[in-house]
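Below is one structure, written out as structure tokens; comments come after it.
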Number of protein chains: 2
Amino acid sequence: MEPAYPQPLVMVDTALFTIRDERLRLILTRRKEPPFEGLFALPGGFVHAQEDADTEAAARRVIRGKIGFDAPYLEQLFTFSGAARDPRGWSVSVVYYALIPWSLLEGNSAAEAFPVDALPPLPFDHGQIVARAVERLRGKATYSSLPAFLLSAEFTMNELHRIYEQTIGARLDKASFRHKILGQDIIEEIPNRFRTGAHRPAQLYRLSSKVLTAFERKI
Amino acid sequence: MEPAYPQPLVMVDTALFTIRDERLRLILTRRKEPPFEGLFALPGGFVHAQEDADTEAAARRVIRGKIGFDAPYLEQLFTFSGAARDPRGWSVSVVYYALIPWSLLEGNSAAEAFPVDALPPLPFDHGQIVARAVERLRGKATYSSLPAFLLSAEFTMNELHRIYEQTIGARLDKASFRHKILGQDIIEEIPNRFRTGAHRPAQLYRLSSKVLTAFERKI
DNA sequence: CAGACTTAATTGTTTTTTGCAAATAACATT
DNA sequence: AATGTTATTTGCAAAAAACAATTAAGTCTG
């Protein structure tokens with residue numbers, strides 16, 4: 001039962017989402033080697049059986065190499081495979097997607113964030129990968145705490161509302177959103193903390209401990 | 001950038017669901033070689049880079065080898081990886097789950113269907129795999145056509161209702177279920193076809209062509 | 001063959017959720 | 001103090017879901 005066949009190449013790729021200027025964006029990297037040298041592509045690399053505990057660890061390694069720290073939210077998306085997707089041979093790519101607040105990326109030299117609806121031409125099957133990642137993100141956003149991971153630890157209700165609208169790509173009623181989100185135990189008020197500014201101060205919220213422990217947020 | 005490292009073993013495993021005697025069940029296979037020879041396990045095998053177009057093709061090959069035909073519904077679940085999950089070494093397993101009507105399996109010699117809540121001890125990390133597969137199935141069942149693939153091509157509303165209850169594991173209101181499902185374009189009446197029996201005949205339904213083309217049902 | 005029995009399907013009512021519009025609150029600025 | 005702007009709450013209508021009961025269409029029994 002040992003494989004008498006040559007084994008496929010095993011790699012990981014990552015779809016790193018952020019929101020900047022009210023638009024959902026992806027962080028791409030410029031390829032430094034052939035094939036497709038010079039093109040923008042999803043950050044990725046081969047899985048190192050020696051040093052990676054599993055593919056998720058490999059994804060974290062790739063992400064740290066790209067942005068310098070761990071992503072607050074990381075989840076496996078899908079595994080792509082086949083002979084045609086990479087000219088180097090039959091390959092398997094385990095793809096992860098991550099959500100990263102723009103505030104953590106600001107000033108990061110390597111980070112080039114492209115709007116998901118205006119991406120440059122992508123090599124391999126990265127176009128399909130991106131399509132599936134966006135689909136998954138939008139699908140999950142509606143009924144989960146996911147988009148909140150695109151914000152820093154403290155945020156106002158209106159900021160959260162906008163982030164949901166931007167990830168989903170549609171309008172959401174303010175009052176309904178507020179009511180629904182508060183009924184879901186996703187976020188909690190931070191007592192006596194407000195965002196002050198030119199006008200009425202806004203209550204600050206944070207992700208509930210329930211959500212945080214579920215995802216083991218790293219920041 | 002070519003991998004200087006030894007590559008992981010790449011395999012596929014499958015979680016094959018069916019419903020018999022009103023219970024959600026999994027089809028397991030008895031292992032014929034070490035490790036864990038003799039134990040029941042999820043049907044699986046190594047990916048053959050030569051003969052499999054991709055991992056989904058490999059999963060179909062495994063399923064055909066087990067039950068003799070293609071599963072009506074097949075979907076990738078998750079990819080499990082690590083050094084500890086298989087004593088033979090660092091491995092990556094792309095896991096698929098499938099739904100198969102019991103009517104197609106009846107009389108199939110190899111098919112041993114265990115209730116998902118009364119499984120024998122499983123080798124490797126198959127216990128975790130099953131847990132995740134059941135979770136996914138239940139999660140998707142509520143708002144999709146998925147459970148209908150556990151029925152044969154023609155079914156009554158009550159049969160469908162029961163299948164949904166069994167996969168989800170909870171009661172569903174009859175009238176609401178009927179209304180919701182009919183409003184979703186998932187199924188359609190078969191004109192003038194009824195299931196007759198001891199009592200009032202029941203209208204027969206089938207999956208709508210929309211759903212069928214989306215999933216390319218093979219039976 | 002009438003009535004009892006059983007499953008199928010519909011109907012009506014109540015409760016909950018959602019969508020929309022407006023009103024009220026809390027500041028800074030002039 | 002009046003005004004402008006953003007935050008938050010309130011009220012109501014519409015839609016969806018849950019619940020309860022009724023009607024429909026057969027078989028079976030005496």
Side-chain angles (χ1 to χ4, degrees), chain A residues 21-22 138-145 147-148 151-208, chain B residues 19 21-22 138-145 147-148 151-152 154-208:
Chain A
D21 300 334
E22 315 261 297
R138 296 223 158 111
K140 278 210 163 192
T142 319
Y143 57 90
S144 81
S145 59
L151 290 172
S152 37
E154 302 190 340
F155 47 85
T156 69
M157 185 62 77
N158 280 332
E159 288 167 352
L160 188 66
H161 180 229
R162 246 175 273 130
I163 286 282
Y164 268 77
E165 286 189 335
Q166 287 150 18
T167 64
I168 293 168
R171 298 274 139 247
L172 296 172
D173 178 67
K174 264 188 174 201
S176 302
F177 175 80
R178 190 186 207 86
H179 182 257
K180 207 173 167 182
I181 214 86
L182 287 177
Q184 275 188 260
D185 227 33
I186 284 176
I187 61 170
E188 58 190 22
E189 251 181 44
I190 311 178
N192 290 95
R193 295 267 301 134
F194 299 87
R195 163 124 340 134
T196 62
H199 306 291
R200 174 175 174 174
Q203 175 67 53
L204 283 174
Y205 294 86
R206 61 185 165 216
L207 281 170
S208 71
Chain B
I19 287 190
D21 301 334
E22 315 260 296
R138 297 224 157 111
K140 277 211 163 190
T142 319
Y143 56 92
S144 82
S145 59
L151 290 171
S152 36
E154 303 189 338
F155 47 84
T156 68
M157 186 61 78
N158 280 330
E159 288 167 352
L160 189 66
H161 180 230
R162 245 175 275 130
I163 287 283
Y164 268 77
E165 288 190 333
Q166 287 151 19
T167 62
I168 293 168
R171 298 279 137 240
L172 295 172
D173 178 65
K174 266 188 172 199
S176 301
F177 175 79
R178 192 188 207 84
H179 183 258
K180 204 172 167 183
I181 215 84
L182 288 176
Q184 276 188 262
D185 227 34
I186 284 176
I187 62 170
E188 58 192 21
E189 252 181 43
I190 311 177
N192 290 95
R193 296 266 301 137
F194 299 89
R195 164 124 338 135
T196 62
H199 306 291
R200 173 175 176 174
Q203 175 68 53
L204 283 174
Y205 295 86
R206 62 186 166 216
L207 281 170
S208 71

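No hydrogens, no waters, no symmetry mates; every other heavy atom, side chains included, goes into these values. Quick note on labels: first sequence line is chain A, next is B, and so on, each numbered from 1.
Partners of B:R138 under the salt bridge (charged side-chain N to carboxylate O under 4.0 Å, His left out) rule, at least two apart in sequence or in another chain, do not exist in this structure. Taking the side chain to side chain donor-acceptor pair (under 3.5 Å) definition, one finds that B:T142 meets it with nothing, sequence neighbours left out. Qualifying salt bridge (charged side-chain N to carboxylate O under 4.0 Å, His left out) partners for B:R200, counting only residues two or more places apart in sequence or in other chains: none. With sequence neighbours left out, B:E189 forms a salt bridge (charged side-chain N to carboxylate O under 4.0 Å, His left out) with no residue at all. Remark: B:F177 engages B:H161, B:Y164 in a ring pair (Phe, Tyr, Trp, His ring centres under 6.0 Å) (not counting sequence neighbours). Under the salt bridge (charged side-chain N to carboxylate O under 4.0 Å, His left out) criterion, B:K140 pairs with B:E75, not counting sequence neighbours.
Each salt bridge (Lys or Arg N to Asp or Glu O under 4.0 Å) pair with one or both residues in residues 157-167 of chain B, not counting sequence neighbours, appears once here: B:E159-B:R195, B:E165-B:R171. Evaluation of the ring pair (Phe, Tyr, Trp, His ring centres under 6.0 Å) test over residues 189-208 of chain A, restricted to residues two or more places apart or in two chains, returns none. Among pairs with a residue in residues 173-187 of chain A, those fulfilling side-chain hydrogen bond (donor to acceptor under 3.5 Å, both in side chains) read A:N158-A:K174, A:D173-A:S176, at least two apart in sequence or across chains.
Within a heavy-atom distance below 4.0 Å of DNA chain D, the residues of residues 187-201 of chain B found are B:G197, B:A198, B:H199, B:R200, B:P201. Of all the residues in residues 167-183 of chain B, B:A175, B:R178 reach under 4.0 Å from DNA chain C with at least one non-hydrogen atom.
Taking a heavy-atom distance under 4.0 Å as the criterion, the stretch of DNA chain D touched by chain A extends 5' to 3' from D:dG4 to D:dT10.
The CG atom of A:L151 sits 6.0 Å away from atom CG of A:L160, with the distance rounded to the nearest 0.5 Å.
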